[in-house]
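Side-chain atoms are counted along with the backbone in the values below, which use heavy atoms only and exclude waters and symmetry mates. FYI, the numbering just counts along the sequence from 1.
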Amino acid sequence: MTGKILVDARGLSCPQPVLETKAALESAGGNAVEVLVDTVTSRENVLRLASRMNWAGSWEETEQGGFRLTLNHQA
């Protein structure tokens, strides 16, 4: 793993956060992907997508009230 890809999907309406995350996961090449979202719905939809694509996801709430999701590819 050489780095982390950042997807800033704050302020985007569904399904845009999922579509941008999907593109990042497909091109990640083994790198972790960090996704910033600002709604619970976007958080849950992105985590569901990641799971279907064999990526493990965790999240934390940010000081600004949104969420930072960290996605790592599963072997």
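- Each of V46, V35, L12 was compared with V18 under the side chain to side chain contact (heavy atoms under 4.5 Å, CB included) criterion, and only V46 meets it.
- In terms of heavy atoms, S58 sits closest to L47 at N-CD2, 4.4 Å.
- A ring-ring contact (aromatic ring centres under 6.0 Å, His included) check over residues 16-45, counting only residues at least two apart or in different chains, returns nothing.
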Worked check of side-chain contact (heavy atoms from CB on, under 4.5 Å) between F67 and V40: CA-CA 8 Å; F67 304 95; V40 170; 3.8 Å; yes

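- The ring-ring contact (aromatic ring centres under 6.0 Å, His included) contacts involving residues 22-53 comprise nothing, where partners must be two or more places apart or lie in separate chains.
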Residues V37, T21; criterion side-chain contact (heavy atoms from CB on, under 4.5 Å); working and verdict: CA-CA 11 Å; V37 296; T21 300; over 6 Å; no

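- Closest approach of N45 to C14, counting heavy atoms only: ND2-SG, 3.6 Å.
- Side-chain atoms of D8 come within 3.5 Å of backbone atoms of R10 as a donor-acceptor pair (strictly under, hydrogens ignored).
- Annotation for G3 and N31: closest pair N-OD1, 3.0 Å, computed over non-hydrogen atoms.
- In this structure, I5 and S27 approach most closely via the heavy-atom pair CD1-O, 4.4 Å.
- L71 approaches G57 most closely through the heavy-atom pair CD2-CA, 3.6 Å.
- For the salt bridge (Lys or Arg N to Asp or Glu O under 4.0 Å) condition, the pairs that include at least one residue of residues 11-40, sequence neighbours left out, are K4-E34, K22-E26, E34-R68.
- No continuous path of ILVMFWY side-chain contacts below 4.5 Å connects W55 to L19, so the two sit in separate hydrophobic clusters.
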